[in-house]
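First comes the structure, then the notes that go with it.
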Amino acid sequence: MIEKTIYDNHQKILVDLLTEISSHHQTISLDQLANRYGYTKQYLSSLIKKISGQTFIELRTRKRMEQAKYLLASSDYSIAEICNLVGIRNLNSFYTKFKKQYHMMPNDYRKKSYLSDHFL
């Protein structure tokens, strides 16, 4: 019974953390989350990895890339503007992360999305 309680608490913490990351992906840091939840940065980092299988940085980057993908498909913002809007300050880093997650460059995704929406 104790193990189930710990598991349930970890699941609740994960949902809360994912909600925080989703809502504040542009600016949230592990330090801020640790302070908010009363954990040390190191403990929270290991807890996130243990219960999600991903690091804080991986979760935050995934959310940032999902938002970038949405903005590429639904707006006329430049890629540099989208980069800043999602919280990434280095354009080269943005390109690298986007390609790693979606296996294409942001410009290519935007073209593909435009063609799909308008001609297919």
Side-chain angles (χ1 to χ4, degrees):
M1 191 62 156
I2 292 174
E3 286 182 22
K4 178 158 177 33
T5 302
I6 291 170
Y7 178 78
D8 289 344
N9 287 342
H10 285 173
Q11 292 294 83
K12 182 182 179 335
I13 290 169
L14 180 60
V15 168
D16 291 346
L17 292 171
L18 291 175
T19 300
E20 290 280 342
I21 291 168
S22 183
S23 298
H24 307 288
H25 63 272
Q26 301 94 337
T27 59
I28 196 78
S29 71
L30 187 59
D31 285 330
Q32 291 169 329
L33 282 177
N35 287 335
R36 187 169 295 140
Y37 287 91
Y39 297 119
T40 66
K41 182 178 168 182
Q42 294 77 14
Y43 177 78
L44 186 59
S45 178
S46 65
L47 183 62
I48 289 170
K49 178 72 172 177
K50 178 182 176 183
I51 58 181
S52 75
Q54 296 181 327
T55 67
F56 166 77
I57 296 296
E58 290 168 337
L59 291 171
R60 185 181 66 186
T61 298
R62 182 174 49 134
K63 180 58 187 173
R64 286 175 170 178
M65 293 300 101
E66 288 170 359
Q67 184 65 26
K69 185 177 168 187
Y70 170 78
L71 290 170
L72 285 165
S74 65
S75 77
D76 291 330
Y77 289 123
S78 72
I79 292 176
E81 289 171 317
I82 290 172
C83 178
N84 284 322
L85 287 170
V86 301
I88 298 175
R89 302 295 170 237
N90 181 296
L91 191 56
N92 288 334
S93 176
F94 174 77
Y95 277 105
T96 301
K97 290 173 183 180
F98 193 91
K99 184 167 184 172
K100 181 178 180 185
Q101 185 158 337
Y102 297 113
H103 310 290
M104 67 176 63
M105 298 302 283
N107 285 329
D108 296 333
Y109 178 79
R110 178 171 263 169
K111 288 176 192 170
K112 179 182 171 193
S113 175
Y114 179 82
L115 291 174
S116 294
D117 289 347
H118 292 90
F119 298 107
L120 299 177

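Note that this is a predicted model, so its numbers are computed, not measured.
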From [atom1] ([X]) to [atom2] ([Y]), nearest 0.5 Å:
X	Y	atom1	atom2	result
Thr96	Gln101	OG1	CD	13.0 Å
Lys97	Met65	NZ	CE	6.5 Å
Asn107	Ile79	CG	CD1	3.5 Å
Ser29	Asn35	OG	CG	8.0 Å
Cys83	Leu71	SG	CG	11.5 Å

Taking it one step at a time, do Glu66 and Tyr102 satisfy side chain to side chain contact (heavy atoms under 4.5 Å, CB included)? CA-CA 10 Å; Glu66 288 170 359; Tyr102 297 113; 3.7 Å; yes
If we ignore hydrogens and angles and just use 3.5 Å, is the side chain of [X] paired with the main-chain N or O of [Y] as donor and acceptor?
X	Y	value
Ser22	Leu18	no
Ser113	Tyr109	no
Thr61	Glu58	no
Glu81	Ser78	yes
Arg64	Gln26	yes
Arg60	Ile28	yes

Give the intermediate values and the outcome of side chain to side chain contact (heavy atoms under 4.5 Å, CB included) for residues Lys99 and Met104. CA-CA 5 Å; Lys99 184 167 184 172; Met104 67 176 63; over 6 Å; no
Go through it in stages, so that I can follow the logic: the residues are Phe98 and Leu72, the test is side chain to side chain contact (heavy atoms under 4.5 Å, CB included), and I'd like the CA-CA distance, side-chain angles, deciding distance and then a yes or no. CA-CA 11 Å; Phe98 193 91; Leu72 285 165; 3.6 Å; yes
Between [X] and [Y], is any pair of side-chain heavy atoms under 4.5 Å apart?
X	Y	value
Leu47	Ile13	yes
Ile57	Leu30	no
Gln42	Ser46	no
Ile48	Gln54	no

What pair of heavy atoms forms the shortest contact from [X] to [Y], and how long is it?
X	Y	value
Ala34	Leu44	N-CD2, 3.4 Å
Ile82	Arg110	CD1-NH2, 3.6 Å
Tyr95	Met105	CD2-CE, 3.2 Å
Phe94	Ala68	CE1-CB, 3.6 Å
His25	Val86	CD2-O, 3.6 Å
Leu59	Ser52	CD1-OG, 3.9 Å

Can you tell me how the ring of Tyr39 sits relative to the ring of Tyr37, calling it parallel under 30°, perpendicular over 60° and tilted otherwise?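 Tyr39 vs Tyr37 ring planes: parallel.
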Give a yes or no on whether a salt bridge exists between Lys112 and Asp108, defined as a side-chain N under 4.0 angstrom from a carboxylate O.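 The answer is no: the pair does not qualify as a salt bridge.
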Around atom CG of Asp76, are there more than 12 heavy atoms from other residues, nucleotides or ligands closer than 6.0 Å?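 No - once you tally the heavy atoms of other residues, nucleotides and ligands closer than 6.0 Å, there are 12 at most.
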